[in-house]
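Within every chain, numbering begins at 1; the chains are lettered A, B, ... in the order of the sequence lines, protein sequences first and strands thereafter.
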Amino acid sequence: MTLPGGDGPILTCEGIGLAFGRVQALLNMSFDVRRGEILSIIGPNGAGKTSVVNTITGFYRPQQGTIRFNGQDITGLPPHRVAKAGVARTFQNTELFAGLTVLDNLLAARHIFLRSNILSCAIYLGLAEREDIRARQVVEDIIDLLEMEAIRKQEVGTLPYGQRKRVELGRALALEPDLILLDEPTVGMNLEEKEDMVRFILDVSEEKGTTIVLVEHDMDIVMDISDRIVVFDFGVKIAEGPPAEIKKDERVIRAYLGEG
Amino acid sequence: MSRIPFYPPSGVYSDSYRKDMRIVKTGKQRLMAIAGLVFLAALPFIPGLNAPYHLRLLIGIGIAVIVALGLNILTGYCGQLNVGQSAFMMVGAFTSGMLNAYWGWPFWASVIPGGLAAAGVGVIFGIPSVRLKGLYLALTTLGAQIILTWIALYGVTVTSAGFTVEPVRLGGIVFNTPQKFYYVALAFTLGMALAAKNLMRSRLGRAFIAIRDNDRAAEGMGIDIFKYKLLAFAICTFYAGIGGALLVHYMMWAQLESFTLQDSVWYVAMIIVGGLGSIEGTIFGVIFITVLKELVLVVGPMAQETLSFLPIGAASGMMLVFIGSVAILFGVLEPRGMAHRWSLIKSFYRLWPFGY
Ligand SMILES: Nc1ncnc2c1ncn2[C@@H]1O[C@H](COP(=O)(O)OP(=O)(O)OP(=O)(O)O)[C@@H](O)[C@H]1O
Ligand SMILES: [Mg+2]
């Protein structure tokens with residue numbers, strides 16, 4: 001299969017500038033994400049990590065720069081178009097559909113694959129039902145992968161925090177994205193939950209070949225699973241490279257790692 | 001974590017998913033549903049229940065269920081307020097009524113155009129929902145009520161005066177008595193309720209709920225929230241329009257006074273009491289409020305007579321306050337409405353005698 005954009009980077013950010021009034025959240029930010037890799041974005045609080053995720057996924061519109069995904073210019077597209085193009089994300093402060101069950105949260109994310117129109121939905125039997133059954137099969141596979149069988153019929157509002165993060169990952173996977181952006185997927189988790197999450201991220205990367213961008217504060221996890229790391233500080237990229245290099249980088253140690 | 005096999009091995013998957021997704025799941029439920037339908041169909045022939053008064057009440061309930069279902073789809077499922085539902089009902093009523101009275105279209109040809117006209121107007125008033133939320137959006141729909149009523153009153157001569165509409169005909173039957181029209185109302189109510197149930201369990205319903213629960217996340221999952229909010233407005237007001245078309249062909253008379261702001265507020269009360277985001281709840285809520293309103297009509301004058309020292313109208317006024325309080329109490333004590341109670345009762349019954 002030849003992918004649009006060929007073997008080049010799956011995502012290119014070029015000279016992104018994003019300001020909120022006088023706060024410059026991102027300044028001339030450029031980096032590539034290579035097909036199939038796990039790329040981590042690290043940096044102190046307020047460095048612009050979430051801002052870059054929001055900009056790529058269309059939640060923020062950058063004042064400067066271009067974003068290319070699979071060879072297509074996606075700069076300034078609304079979030080739902082970016083999602084359709086094949087970019088999925090999770091949110092730093094888990095944003096689930098609280099009133100829906102785990103199953104329905106994931107099914108809601110199958111939306112873009114379902115074609116049945118309003119009439120066939122009203123009749124349901126036939127087309128809409130067949131589509132829903134197919135969607136259900138995909139979603140059940142994800143539930144298996146993330147070991148959520150026991151909670152599939154539970155309303156997500158009632159789930160403990162760690163499990164909600166897992167549901168959010170599952171919902172992003174239901175979009176069958178080529179690229180998935182995870183904004184602090186292990187924040188607030190205990191050690192065991194963190195280990196599970198890391199295992200799931202690796203599973204997704206290996207089994208599905210999905211490219212992963214990981215925003216993460218836990219350095220052990222970052223150093224352990226990243227192919228490459230990009231380091232932000234005050235909206236500027238200060239370093240980029242494989243974990244071994246980043247660990248030794250003077251500027252990184254001063255700006256970020258030094259504190260630990 | 002060990003894997004627990006909840007479902008039989010693959011191959012029978014799709015079959016078990018289909019069963020899992022059914023509305024009527026067990027044989028007992030099917031039996032109850034059939035019994036209920038038979039009862040409803042036979043009701044006009046059951047002595048004691050078939051008084052014209054009862055049938056008129058039931059027809060009123062059926063039409064209100066249709067209108068309130070639309071509102072619940074918009075408000076309960078998609079999270080968008082609308083306090084002008086009766087004005088959209090009026091658009092459908094006058095469209096269908098005028099097509100009939102002035103162009104001779106039979107009911108069957110004019111009912112869908114009535115719904116579509118209401119939906120068209122509804123979508124226009126839904127456009128502000130892109131930017132406006134909560135009470136601000138409520139103000140827009142309040143504006144719809146006022147503007148549409150104003151147009152019908154001063155803009156169009158026919159609608160300000162009222163006009164006669166022909167009854168529904170099918171084959172040789174003219175549905176011009178409560179006993180006959182009951183079946184038209186019943187068929188439409190059941191059909192529209194089933195369609196609502198289906199819409200809300202399909203991709204549309206999931207998109208609506210996603211927007212209601214978290215519009216940011218919904219967008220991030222590829223849902224075009226502008227498009228789907230407008231679609232929710234369209235469905236909501238389509239239901240209102242169908243209800244309006246039914247009403248004028250039932251009354252055989254179309255008039256402005258049937259579609260007041262007060263009616264719009266009643267629809268909101270019905271879905272709050274019944275349960276936001278519940279099809280069954282909508283039906284409970286409509287029945288509950290309609291019966292209470294009926295009590296006002298009966299008890300009000302009686303109280304007036306006994307408590308003759310009260311000023312005229314005070315007793316009915318008090319009853320309105322009473323119903324309003326009931327609605328507020330529901331909002332506070334049982335925000336999920338009667339539908340939630342119902343599901344608790346059902347699960348209790350399912351588990352009995354091993355509950356709790
Ligand atoms: N919507 C917004 N409005 C105004 N300022 C914002 C907005 N979003 C981000 N900022 C500002 O942009 C800067 C970068 O914030 P961002 O959330 O991207 O940091 P972060 O690296 O994700 O931090 P953390 O590790 O705390 O999540 C901060 O100064 C923040 O206050
Ligand atoms: Mg952040």
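Contact count versus chain B (heavy atoms, under 4.5 Å) is highest, among I118(A), V82(A), N105(A), for I118(A). With chain B as the partner, the residue from S116(A), A98(A), A174(A) showing the most heavy-atom pairs under 4.5 Å is S116(A). When A122(A), A109(A), A88(A) are compared by the number of non-hydrogen pairs under 4.5 Å with chain B, A122(A) comes out ahead. Among I235(B), N214(B), L231(B), the residue making the largest number of heavy-atom pairs under 4.5 Å with chain A is N214(B). Between chain B and the options I123(A), D104(A), L125(A), V87(A), the largest number of non-hydrogen pairs under 4.5 Å is found for I123(A). Highest contact tally toward chain B, considering only G58(A), G99(A), A128(A), is held by G99(A) [criterion: heavy-atom pairs under 4.5 Å].
Residue contact with chain A, scored on non-hydrogen atoms closer than 4.5 Å, is absent for I211(B). Only the side chain of I112(A) comes within contact range of chain B, with heavy atoms under 4.5 Å apart. Looking at L175(A), only its side chain comes within 4.5 Å of chain B, counting heavy atoms on both sides. Looking at A196(B), neither its backbone nor its side chain comes within 4.5 Å of chain A, counting heavy atoms on both sides. Heavy-atom distances place the backbone of L96(A), and not its side chain, under 4.5 Å from chain B. The parts of R171(A) that come within reach of chain B are both its backbone and its side chain, each placing non-hydrogen atoms under 4.5 angstrom from that chain. Interface remark: T57(A) contributes no atoms to any contact with chain B (heavy atom separation under 4.5 Å).
R216(B) forms a cation-pi arrangement with F59(A), by the criterion of a distance under 6.0 Å to the ring centre and an angle within 45° of the ring axis. At least one cation-pi condition fails for R212(B) and F208(B): the charged atom is not both under 6.0 angstrom from the six-membered ring centre and inside a 45 degree cone around its axis. Remark: R110(A) qualifies as a cation-pi partner of F113(A) under the 6.0 Å distance and 45° angle criteria applied to the six-membered ring.
Between K194(A) and E216(A), none of the side-chain N atoms (NZ, or NE/NH1/NH2) sits under 4.0 Å from a carboxylate O, so this pair counts as no salt bridge. Under a 4.0 Å N-O distance rule, the pair E280(B)/K197(B) qualifies as a salt bridge. Using a cutoff of 4.0 Å between basic side-chain nitrogens and carboxylate oxygens, D132(A) and R206(B) are scored as salt-bridged.
Using modelled atom types and a 3.5 Å distance limit, the side chains of N70(A) and R35(A) yield a donor-acceptor pair. A donor atom on one side chain and an acceptor atom on the other are found under 3.5 Å apart for N117(A) and S120(A).
Relative orientation of the Y228(B) and H111(A) rings is perpendicular, given thresholds of 30° and 60° on the angle between their planes.
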